[in-house]
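Each residue takes its place number in the sequence, starting with 1.
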Amino acid sequence: MAAVRGLCLTAAALRAVTPCRLLAASRGPRALRELSSSSPEAGEGQIHLTDSCVQRLLEITEGSEFLRLEVEGGGCSGFQYRFSLDTVINPDDRVFEQGGARVVVDSDSLAFVKGAHVDFSQELIRSSFQVLNNPQAQQGCSCGSSFSVKL
């Protein structure tokens, strides 16, 4: 698993797995992918990918690789984002696919980023994946790598 330079985003919260997640996980990765992208329940916890995110993922991923998005405690605002390239889909993961690019989020992290947009930003001094318009975030730090949650 190779780390993607940019924002740190990892998840550590409560393990809350809904019955439909357990059902999809028991059917395997394909059923999980179908649940994540096509069922009515999936729209509520959707992650949106920008065109620049899709384009960059198609450039850097090979074969079964995908971008993993996690949320973990830390950073100056309480939680921080972590991105990495991965090839293993776990039973509690949700797969979001657009144009052949995939972003995978575990159920703990999804609670903190549902409804957000994943973008790829390229600037003079850095390029990175980042979370934009996170409806679960109350406020964040000035660099955008950490946030606090709405209560």
K.L.:
Closest approach of Glu65 and Arg102, non-hydrogen atoms and distance?
P.N.:
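Taking Glu65 first and Arg102 second, the nearest heavy atoms are O-NH2, 3.8 Å.
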K.L.:
Do Lys114 and Gln136 make a side-chain contact, defined as non-hydrogen atoms from C-beta onward lying under 4.5 Å apart?
P.N.:
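With C-beta onward as the side chain, the pair touches.
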K.L.:
Can you find a heavy atom in the side chain of Leu69 that is under 4.5 Å from one in the side chain of Val118?
P.N.:
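They are in contact (side-chain heavy atoms under 4.5 Å apart), so the answer is yes.
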K.L.:
List in chain and number order the residues that pass side-chain contact (heavy atoms from CB on, under 4.5 Å) with Gln122, two or more places apart in sequence or in another chain; answer none if no residue qualifies.
P.N.:
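By the side-chain contact (heavy atoms from CB on, under 4.5 Å) rule, Gln122 matches Phe120, Ser127.
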K.L.:
Looking at residues at least two apart in the chain, or sitting in another chain, which of them share a salt bridge (charged side-chain N to carboxylate O under 4.0 Å, His left out) with Glu59?
P.N.:
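Applying salt bridge (charged side-chain N to carboxylate O under 4.0 Å, His left out) to Glu59 gives Arg56.
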K.L.:
When rounded to the nearest 0.5 angstrom, what is the spacing between CG in Asn134 and NE2 in His117?
P.N.:
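With rounding to 0.5 Å, CG (Asn134) is 11.0 Å from NE2 (His117).
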K.L.:
Is any side-chain heavy atom of Val95 less than 4.5 Å from a side-chain heavy atom of Ile89?
P.N.:
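Val95 vs Ile89: side chains touch.
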K.L.:
Go through the structure and list residues passing side chain to side chain donor-acceptor pair (under 3.5 Å) with Thr50, not counting sequence neighbours.
P.N.:
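Checked Thr50 against side chain to side chain donor-acceptor pair (under 3.5 Å); matches are Ser52, Asp119.
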K.L.:
Does some side-chain heavy atom of Asp108 sit less than 4.5 Å from a side-chain heavy atom of Leu110?
P.N.:
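With C-beta onward as the side chain, the pair stays apart.
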K.L.:
Do NZ/NE/NH1/NH2 and the carboxylate oxygens of Arg94 and Asp106 come within less than 4.0 Å?
P.N.:
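Between Asp106 and Arg94 there is no salt bridge, as every charged N stays at least 4.0 Å from the carboxylate O atoms.
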K.L.:
Any side-chain heavy-atom pair from Phe66 and Thr61 closer than 4.5 angstrom?
P.N.:
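No, too far: nothing below the 4.5 Å cut-off.
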K.L.:
Take Ser121 and Gln130, measure what side-chain hydrogen bond (donor to acceptor under 3.5 Å, both in side chains) needs, and give me the verdict at the end.
P.N.:
CA-CA 7 Å; Ser121 174; Gln130 53 189 309; 3.2 Å; yes
K.L.:
I'd like to check Phe129 versus Leu67 (side-chain heavy atoms, cut-off strictly below 4.5 Å). Are they in contact?
P.N.:
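Phe129 reaches Leu67 side chain to side chain.
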K.L.:
So, for Pro135 and Ala116, which heavy atoms are closest and what is the spacing to 0.1 Å?
P.N.:
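Nearest pair, atom of Pro135 first, then Ala116: CD-N, 3.7 Å.
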K.L.:
According to side-chain contact (heavy atoms from CB on, under 4.5 Å), who are the partners of Ala101, at least two apart in sequence or on a separate chain?
P.N.:
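Once residues adjacent in sequence are excluded, the partners of Ala101 under the side-chain contact (heavy atoms from CB on, under 4.5 Å) criterion are Val54, Leu57, Leu58.
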